[in-house]
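Proteins get letters first, then strands, A, B, ... in listed order; numbering begins at 1 in each. The structure presented is a predicted model; accordingly, all values stated were derived computationally and were not measured. Note that these values count all heavy atoms, side chains included, but never hydrogens, waters or copies made by symmetry.
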Amino acid sequence: MQIAPFSFKVPAVMLDIAFLRQNADAVRAAIKNKRVDLDLDALLSVDKERREALLEIEKKRARKNEIAQLIPKATKEERPTLIEEGKAVKVALEQLEPTMAETQKRFEDLMLRVPSLPRPEVPIGAGEEDNVEIRKVGTPPAFDFKAKDHVELMTLHGMVNWDGPRKYAGGRSYALMGTGALLELAVTRLAVDTLVERGLTMVIPPVMVKERAMTGTGFFPLGREEAYAITADELFLVGTSEVPLVSLHCDDTLDAASLPIRYAGISNCFRREAGAYGKDTKGLYRVHQFTKVEQVVFCMPDEEVAEKEHYQLLGNAEAILAKLEIPYRVAIACTGEIGLGQTRKHEVESWMPGRNDGKGAYNETHSCSTLGDFQSRRSNIRVRLPDGTLAYPYTLNNTAIASPRILIPLLENHQNADGSITLPKALVPYMNGVTVLKPKVV
RNA sequence: GGAGAGCUGACCGAGUGGCCGAAGGUGCCUGAUUCGAAAUCAGGUGUAGUGAAAGCUACCAAGGGUUCGAAUCCCUUGCUCUCCGCCA
């Protein structure tokens with residue numbers, strides 16, 4: 001009787017171990033700059049141990065196979081001797097193999113923690129303050145009245161039931177009501193239409209996935225605390241549709257001609273926000289469940305191609321913000337702020353007048369990343385190149401819209417003195433022609 | 001949830017203990033033939049680890065067991081299909 005392992009066998013690993021051996025210094029720098037908790041030398045020594053053990057086992061196995069082939073041809077007299085030796089080899093292997101398995105496991109655990117190498121243009125830094133602003137687009141509105149934050153506005157409009165859900169669903173829960181719910185549908189549909197028009201294929205993927213999808217996309221093992229687990233079925237709720245979208249091609253060998261593949265996924269996203277207790281508890285900035293339209297691209301493993309795709313994804317998100325008439329800025333994230341697998345990340349921060357004690361602030365609403373072959377290696381996604389060889393395609397992703405967070409700048413920037421909201425023109429058709437949202441008369 | 005059938009290489013499909021990393025076919029590649037193509041003929045054609053190389057090792061859904069030796073026998077799990085039940 002054996003319990004199914006709650007982990008999957010890693011078919012491929014992050015950076016090629018051969019690359020690690022030959023470029024230890026570059027990897028060490030990435031570990032340091034990305035502030036990853038990993039001892040590369042420990043990994044290299046486990047690797048050495050593993051290869052030595054492997055060599056010994058393979059020698060024994062070779063002999064085992066040799067004996068097995070000799071026995072049928074052997075004479076009656078030779079046979080008992082060979083069988084004896086076969087037994088001895090078998091016993092020796094039975095001793096070596098568990099040790100090998102243990103070493104291999106240690107090796108794989110460490111390999112899953114190896115970061116990808118940041119691109120040269122990524123600024124080296126520790127925290128948010130080291131991100132480098134690239135441009136500001138649009139002008140924050142100057143209100144000649146006391147502006148309300150989104151909590152006040154949404155309450156005024158009856159867009160949210162704040163208290164009910166907290167009683168039966170816990171902290172950071174909410175229910176979008178009336179125009180609040182309609183707005184979420186409107187902005188997500190606007191985002192979807194924008195992306196489809198730009199050639200992305202719409203996907204509605206599963207939001208409950210197996211562990212391998214989480215590991216394959218790089219969210220596990222380090223982000224395990226952040227995911228909701230459905231233990232009875234060994235499934236996890238995804239924090240972004242990036243997980244099922246990338247996993248859509250796990251174990252596939254893609255045809256080079258099929259690239260780039262560009263997906264637009266929509267899903268509910270679930271995050272425990274385990275490291276954020278007490279942070280942003282007021283309002284809808286940080287919640288456990290939200291809706292997100294996400295862009296995911298698979299492209300040829302070529303830095304130039306990837307860069308082009310990256311800026312296209314960024315452009316798509318900016319186009320959506322332009323339609324919503326929300327001022328924003330774009331920053332490139334420093335090494336300390338980009339994830340394990342990301343080689344480059346841009347953050348798009350929307351202007352939220354109610355943040356920073358009503359003085360306003362730019363806060364993240366989009367995150368645009370290139371991951372190189374980090375995810376395709378882990379997910380065993382390959383591409384057959386024209387010359388017949390196999391390679392790992394690059395993956396990229398970017399938010400298109402995440403609600404209700406996006407409702408914060410949307411409502412706050414477009415508010416009027418009387419608490420009404422003038423909807424951006426592009427949104428009007430999605431709200432069935434309504435141009436101004438009036439506060440609910442109580 | 002109950003009962004049954006199945007899972008072999010890019011695909012189809014053979015294979016009930018050693019001669020099987022795996023017949024045969026299809027597809028694909030190369031060459032011959034052709035003005036060119038089709039047809040035909042010949043050869044080649046999985047992935048990964050390790051090694052300078054020759055080679056060696058692993059992989060027939062996954063994991064475990066039996067055996068000197070497992071694609072082949074046994075157990076467990078997963079997935080697919082069929083029937084029954086339940087159901088938006």
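A side-chain N or O of A:T370 and one of A:R344 form a donor-acceptor pair less than 3.5 Å apart. A:T240 and A:K292 share a donor-acceptor pair across their side chains, judged by distance under 3.5 Å alone. With hydrogens and angles left out, the side-chain atoms of A:E294 and A:S241 include no donor and acceptor closer than 3.5 Å.
For A:E234 and B:C79, the CD to P distance is 10 Å, given to the nearest whole Å. The CZ-P distance, from A:R384 to B:C11, rounds to 12 Å in whole Å. Atom pair A:E52:CD and B:G49:P shows a separation of 19 Å (rounding to whole Å applied). As a whole-Å value, the separation of A:R377 CZ from B:G49 P is 9 Å. Spacing between atom CG of A:D252 and atom P of B:C11 amounts to 11 Å, rounded to whole angstrom units. Atoms CG (A:D251) and P (B:G78) sit 18 Å apart, rounded to a whole Å. Between the P atom of B:G49 and the CG atom of A:L55 lies a distance of 16 Å, rounded to the nearest Å. Here B:U67 presents its C1' atom at 14 Å from CG of A:N65, a figure rounded to the nearest Å.
Partner assigned to B:A38 is none, using Watson-Crick or G-U wobble distances below 3.5 angstrom. The base-pairing partner of B:A10, taking Watson-Crick or G-U wobble contacts with both distances under 3.5 Å, is B:U26. Across the strands present, B:A48 finds its partner in B:U57; the criterion is a Watson-Crick or G-U wobble pair with both atom distances under 3.5 angstrom. Across all strands shown, B:A3 pairs with B:U82; the Watson-Crick or G-U wobble distances both stay below 3.5 Å. Under the Watson-Crick or G-U wobble criterion, with both distances below 3.5 Å, B:U76 is paired with B:A62. Remark: B:G18 base-pairs with B:C68; criterion is Watson-Crick or G-U wobble with both hydrogen-bond distances under 3.5 Å.
For B:C59 and B:C7, the C1' atoms lie 16 Å apart once the distance is rounded to whole Å. Rounded to a whole angstrom, the distance from the P atom of B:U26 to that of B:A70 is 34 Å. Atom name C1', nucleotides B:G27 and B:G18: the rounded distance is 33 Å, in whole Å. B:C86 and B:A3 have their C1' atoms separated by 16 Å, given to the nearest Å. Between B:A52 and B:A62, the two C1' atoms lie 36 Å apart (nearest whole Å). Going from the C1' atom of B:G4 to that of B:U8 covers 22 Å, rounded to whole Å. The separation of B:U30 from B:U80, taken at their P atoms, amounts to 39 Å, rounded to a whole angstrom. Rounded to the nearest Å, the gap between the C1' atom of B:U45 and that of B:G24 is 16 Å.
One finds no side-chain N or O of A:R61 lying less than 4.0 angstrom from the OP1 or OP2 phosphate oxygen of B:U50. The phosphate of B:A10 has neither OP1 nor OP2 within less than 4.0 Å of any side-chain N or O from A:R382.
For the pair A:A68 and A:R51, both in contact range of RNA chain B, the more 5′-proximal nearest nucleotide belongs to A:A68. The 5' end of RNA chain B is approached more closely, in terms of each residue's nearest nucleotide, by A:L54 than by the other of A:L54 and A:K210.
Here A:L390 lies in heavy-atom contact (under 4.0 Å) with sugar-phosphate atoms only.
Checked for salt-bridge contact, A:D193 and A:K323 miss the test: no charged N lies under 4.0 Å from a carboxylate O.
Taking only distance into account, the side chain of A:Q69 never meets the base of B:G69 through a donor-acceptor pair shorter than 3.5 Å.
Using cut-offs of 30° and 60° for the angle between ring planes, the A:H249 and A:Y263 rings count as parallel.
Here the CE-CG distance, from A:M154 to A:L176, works out to 5.5 Å after rounding to the nearest 0.5 Å. Taking CE from A:M300 and CD from A:E309, the interatomic distance works out to 12.0 Å, rounded to the nearest 0.5 Å.
Judged as a side chain to side chain contact (heavy atoms under 4.5 Å, CB included), and not counting sequence neighbours, the contacts of A:R198 are A:T194, A:L200, A:N316, A:A319.
Nearest to the side chain of A:R50, among B:A48, B:G49, B:C56, sits B:G49. Each of B:G18, B:C56, B:A58 was ranked by its minimum atom distance to the side chain of A:A62; first place goes to B:C56. Of all nucleotides listed (B:U50, B:G69, B:G18), B:G69 comes nearest to the side chain of A:K64.
A cation-pi contact, defined as under 6.0 Å to the ring centre and within 45° of the axis, links A:R50 to A:F107.
Between A:F219 and A:F236, the distance separating the two ring centers is not shorter than 6.0 angstrom.
Remark: A:I83, A:G86, A:K87, A:K90 in residues 81-92 of chain A come within less than 4.0 Å of RNA chain B through at least one heavy atom.
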